[in-house]
Amino acid sequence: MSTELNQSITVLKGIGEETAESFAEMRIYTIRDLLEYFPYRYEDYSLRDLTEVQHDEKITVEGKVHSEPSLNYYGRKKSKLVIRLFVGSYLIKVVFFNQPYLKNKINMNETITVTGKWDAHRQTITANEMQIGHNTKATDFEPVYSLRGKVTTKGMRKFIHLAFQQYGQHIEESLPETFLKKYRLLGKRDALKIMHSPNSPEEVKQARRRFVYEEFLLFQLKMQALRKFEREHSPGIKQKYDLSKIMELINSLPFPLTNAQKKVVNEILADLKSPYHMNRLLQGDVGSGKTVVAAIGLYAAVTAGYQGALMVPTEILAEQHAESLKSLLEPVNIRCELLTSSVKGKQRREILQNLIDGKVDILIGTHALIQDEVTFNKLGFVITDEQHRFGVEQRRILREKGENPDVLFMTATPIPRTLAITVFGEMDVSIIDEMPAGRKAIETYWAKPEMLERVLGFIEKELLKGHQAYVICPLIEESEKLDVQNAIDVHTTLSHFFQNRFKVGLMHGRLPSEEKEAVMKAFSENMVQILVSTTVVEVGVNVPNATMMVIYDAERFGLSQLHQLRGRVGRGSAQSYCILLASPKSEVGQERMRIMTETNDGFVLSEKDLELRGPGDFFGKKQSGVPEFKVADMVHDYRALETARNDASMLISSEVFWKDPQYLPLREKIKESGVLEGEKLD
């Protein structure tokens, strides 16, 4: 790799210490950083014909001044300058805000060029740039950079131009010739030059295409190399399970497995049998039958002579999983135990002792499982449910409870394929994408808040049939106090409406966890018929008798969250309903409500959600784990992402890649990233 480009930017004339500090704020330290600092958009200054422009478009026009500029002041130091301009056969208005000094510069019958936003209804341009005379921009298409400190747009362009002049010949190609030809990609030097000084939008498109592919390819190579390295350097357990016993268990189930479940069971069994360490993500929509798949996997590990563990985020979820696993596995003599912080005293000591002695086959629990006192006899298979709720550290401790046990992560949050292969790129991904037979689709309706009376009537009808209802209040970002108040207000309204007939429970984030558990328990035992709650019920609680889900201010939620909430009902054999109370102002909000009423498929919804919200918001900024790309966008460029992933997979597994000189730049990049610590690269 060229060392010339690794020189400090201070070698360029005009960049002293102070300017270098401003560049450092943009993370630009070397010539290479400068050349690879891309514009975030382009300004189009080509002159436009008014017959062809759209309302609200940003345009540049040239015309003759037709009236004396009129200047009005309003507010403190605010002004509005208006002139009439002849553009072709149109007489339009041009408005300048807070630029009173222009009044003396603009003369009647003079030609001027203005750039600004076009209002087609008022035939007006709100101008932000003006030039006396004809358009003299060097190019019609100019890059706009995100700037910090004292660096100006003009300065930025000047330094980049200088860097190209002096060091352009040292830019080396990083992609192999075969790929450039196969995908008709521009060479690196040409593509860089175009990104900084293009002649047309079409040119930018081609240059961008090249960098999108390169970014994705490098990212995927690192992921795949990490996966290969981990597999080869962390040998798993080769579990010799008893297939005939597993088949007996499957045949004894009260319902046949769906094809999707069969496929996933086969993938898990293949992983258990292989000498490599399992690292698999299992995605299944709410109610798709992940628990049964988990039970079969755990049973397989036990028949191979190992113990299994299932870790879930909350106590009530742990209890429900323990109940399901016991009912499925106790008939085949498998001992399952539940360990949460509520299990105390003698009972706790007995479970821990039996675990060490190997008498407990499967342990189900919350993060109580990773406490020091918990010791397994021979842990071989670990499943974590809703794993994004556990920190990396917690998952690591659980893994270390055994000799590198196989690990399966389960989630009911359908993660769009594009995100799954990016964020969980080092994992194998399994998907259960069909529902068990006999499940009735949940009917979803969108109602305006003024229809509340009718909605309450509908709830009452369901309650009279002996069913139960959830009522969800939104979280208000600004203040937790308001959230709680919001939930309390709704609880008061409903208690009043249903008084002496049905019990209304209340649950919110401020309640201590014992109280939350108690409210949830009362609801799951039908002591409470209506549960008013903030979004704390989102994950995993199973109350088959609940058939109504009402969501207040539904426009405040993302699609994936709405879908998760809707999945709390429809778990029994009765028809279930979800009502979205919302009056969204924005088009995106209205679109969300429409999509929710049209589909029950979590994967379709998650893809739409990603399109509407973008990857950062999908996981929530705090723990997104979504990589930052300079040019590439996972949502819009997902085809390139898939292509790069397949190419990376092919390269990493081929001998040629590790030896052929044409792949040297790519190998260097992997080496730089540090994913192959201790691995020797030629």
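Ring-plane geometry between His55 and His121 is classed as tilted, the angle between the planes lying from 30 to 60 degrees on a 0 to 90 degree scale.
Side-chain atoms of Ser79 do not come within 3.5 Å of backbone N or O of Tyr73 as any donor-acceptor pair. With Lys290 contributing its side chain and Gly284 its backbone, the two residues share a donor-acceptor pair below 3.5 Å. Using a distance-only test at 3.5 Å, with no hydrogens or angles considered, no donor-acceptor pair links the side chain of Gln283 to the main chain of Ile431. Gln575 contributes no side-chain N or O that, together with a main-chain N or O of Ile442, makes up a donor-acceptor pair within less than 3.5 Å. Using a distance-only test at 3.5 Å, with no hydrogens or angles considered, no donor-acceptor pair links the side chain of Glu337 to the main chain of Ile364.
In this view, Glu267 and Lys263, Arg280 satisfy the salt bridge (Lys or Arg N to Asp or Glu O under 4.0 Å) rule, not counting sequence neighbours. With sequence neighbours excluded, no residue satisfies salt bridge (Lys or Arg N to Asp or Glu O under 4.0 Å) with Glu555.
Glu642 has no carboxylate O lying under 4.0 Å from a charged side-chain N of Arg645, or vice versa, which leaves the two without a salt bridge. Between Arg208 and Asp637, at least one side-chain nitrogen of the basic residue sits less than 4.0 Å from a carboxylate oxygen of the acidic one, meeting the salt-bridge criterion.
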Trace of the side-chain contact (heavy atoms from CB on, under 4.5 Å) decision for Thr124 with Val94: CA-CA 6 Å; Thr124 301; Val94 180; over 6 Å; no

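The residue from Val264, Leu328, Val265, Ile268 that alone fulfils the side chain to side chain contact (heavy atoms under 4.5 Å, CB included) condition with Ile296 is Val265. When Met596, Arg592, Met451, Gln590 are each tested for a side chain to side chain contact (heavy atoms under 4.5 Å, CB included) with Trp446, only one passes: Gln590.
Within 6.0 Å of atom NZ in Lys630, more than 12 heavy atoms from other residues, nucleotides or ligands are found, so the atom counts as buried in its surroundings.
Inspection of the Glu315 and Ser342 side chains reveals an N or O donor paired with an N or O acceptor under 3.5 Å.
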